[in-house]
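Just so you know, these numbers come straight off a predicted model, no measurement behind them. All chains are named by letter (A, B, ...) in the order of the sequence lines, taking the proteins before the strands, and each is independently numbered beginning at 1.
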Number of protein chains: 2
Amino acid sequence: MDTREQILNAAWDLFAERGFEGVSVRDVTNAAGVNLASVSYHFGGKEGLIQETVKRCMNPINEYRIRLLREAIARHGSVEKVPLVELMTAFMRPVVMPEECGVRSGLMLRLLARYLIESDYAIPSASRNLYTEAFQAYARAFMVHYPGVAPVTLVKHMVFSAGSVMFYHGLGKVALQLSSGSREDTGEIDRDEMLKDVVEFAVRGFGGGKQ
Amino acid sequence: MDTREQILNAAWDLFAERGFEGVSVRDVTNAAGVNLASVSYHFGGKEGLIQETVKRCMNPINEYRIRLLREAIARHGSVEKVPLVELMTAFMRPVVMPEECGVRSGLMLRLLARYLIESDYAIPSASRNLYTEAFQAYARAFMVHYPGVAPVTLVKHMVFSAGSVMFYHGLGKVALQLSSGSREDTGEIDRDEMLKDVVEFAVRGFGGGKQ
DNA sequence: GTCAACATTAAACGACCGTATTAATCGGAC
DNA sequence: GTCCGATTAATACGGTCGTTTAATGTTGAC
């Protein structure tokens, strides 16, 4: 019965590492130590496995986002009392620290980025409701802080903010090498610091808020 | 002789549309109306075609970036006299308006995003020097506007800015649909307006500049 | 013990992949 | 015209792909 689970675990790593098209069903089943036909049996085929993998990657992120927002509101009494920085941190934290919501490793971001691009940025149907719910919840919260700003402008700012945090994983490493001039790998990025930086950047980008 | 060119044109569109792994050499040669073996003959194989396609996509962007910076400096006399907004616009404009530097259509961004992710964000060697040159030129220019800010912080801000503009194409459409609540396609995004928006967002994110 | 439903296995299928091979064709130089 | 290198064309090859099939193993209810 845990054949299904082993397939999902193996698929996760392999898809993130080499992409959906770069991984064969045989790769997955070999890595999982199960039979080739298991994928067809449990997921109906490769496409079904991809959908299930993306769902397992995307949903916890948005659930965590919603939870962090709810907790922040509870902590401060009401939406309008949540400081802007805290709001932005709650929005971005699940992406920078995915393992806090059970999503293993930073490969998750690559998997998600791959899928979004390859599917022409179509959110998979199994995750769309949750994604929409999270996005709209934060949109409403941001509107409270910027009552004079047009909603469409706020949405743009949210997109820009999301873009900022989505690309820091990959390009961040490259850019830091460029800036130091050296090519030696400086190891892993300090994610707490990077989260703080990107939050401050986005908060300033929004316009600072009324605070 | 223009067989080579026809292959590159067809490859561009197909790779951007379906990804490198999702497009076979036969797809390319059929679309180009040339023989299957032409790819091996002119590019040494599929991988060579990919490299050449990415180079044709990436280099004009960075050349345009460098040219815009040089023109802005010439216009104002020196680097420090170029307004920050103008600097940021020069940095982002080639990505939002790629056809201004001969790069056809917005598919280019998808192609580039695909390649960066699939290659683990490794800049292809045929484009690395130009990429580095452009990046460092802008880094120096930004340093002039923020003499008190640590270079590493400026680089981070540049990465965040690049992320903002890189994702607006895909996620922008999705997000605007979400915000309007409706699912009807509102057609193409106003790119002049979006460029202005993302520039203002990034300038604020940087910290507003010295002025 | 028997049966049925579920799960796993090994083997095979047809389709498509990238590449190599060989032959045919072209365009100037002489 | 003749020759020759450059280019294009047709075909074949070995390999891998996703999926299917048929047989086997496993489980729990009755």
Engineer: Rounded to whole Å, please give me the gap between NZ in Lys46(B) and P in dA20(C).
Structural biologist: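 Distance check: Lys46(B) NZ to dA20(C) P gives 15 Å.
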Engineer: Show your working on side chain to side chain donor-acceptor pair (under 3.5 Å) between Asp27(A) and Ser24(A) and close with a plain yes or no.
Structural biologist: CA-CA 5 Å; Asp27(A) 292 334; Ser24(A) 69; 3.2 Å; yes
Engineer: Is Asn35(A) near enough to dA7(C) that one of its side-chain N or O atoms lies under 4.0 angstrom from OP1 or OP2?
Structural biologist: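 No.
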Engineer: Starting at OH of Tyr41(B) and ending at P of dT25(C), how long is that distance when rounded to a whole Å?
Structural biologist: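 Interatomic distance, OH of Tyr41(B) to P of dT25(C): 18 Å.
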Engineer: Respond yes when some side-chain nitrogen or oxygen of His42(B) is under 4.0 Å from OP1 or OP2 of dT8(D), and no when none is.
Structural biologist: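 True: His42(B) side-chain N/O within range (under 4.0 Å) of dT8(D) OP1/OP2.
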Engineer: On a heavy-atom basis, which atom in Asp190(A) and which in Asp192(A) lie closest, and how many Å separate them?
Structural biologist: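 Looking at all heavy atoms of both residues, the shortest contact is OD1-N, 3.1 Å.
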Engineer: Under 4.0 Å: is that the gap between some side-chain N or O of Thr3(A) and OP1 or OP2 of dT8(C)?
Structural biologist: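 Checking Thr3(A) against dT8(C): at least one side-chain N or O falls below 4.0 Å of OP1 or OP2.
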Engineer: dA10(D) C1' sits how many Å from Arg26(B) CZ, rounded?
Structural biologist: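 So the CZ-C1' distance, Arg26(B) to dA10(D), works out to 12 Å.
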Engineer: Let me spell it out: for each of Val23(B) and Leu36(A), pick the nucleotide of DNA chain C with the closest heavy atom. Which residue's pick is nearer the 5' end?
Structural biologist: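 Looking at DNA chain C, the more 5' nearest nucleotide goes with Leu36(A).
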Engineer: Please name the residue in the list Arg93(B), Arg65(B), Arg191(B) that meets the salt bridge (Lys or Arg N to Asp or Glu O under 4.0 Å) test with Glu100(B).
Structural biologist: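 Between Glu100(B) and the candidates, salt bridge (Lys or Arg N to Asp or Glu O under 4.0 Å) is satisfied uniquely by Arg93(B).
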Engineer: Separation of Asp27(A) atom CG from dG15(D) atom C1', in whole Å?
Structural biologist: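 Spelled out: CG on Asp27(A) to C1' on dG15(D) is 14 Å.
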Engineer: Is the phosphate of dC16(C), meaning OP1 or OP2, less than 4.0 Å from a side-chain N or O of Ser24(B)?
Structural biologist: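 Answer is no, no contact under 4.0 Å.
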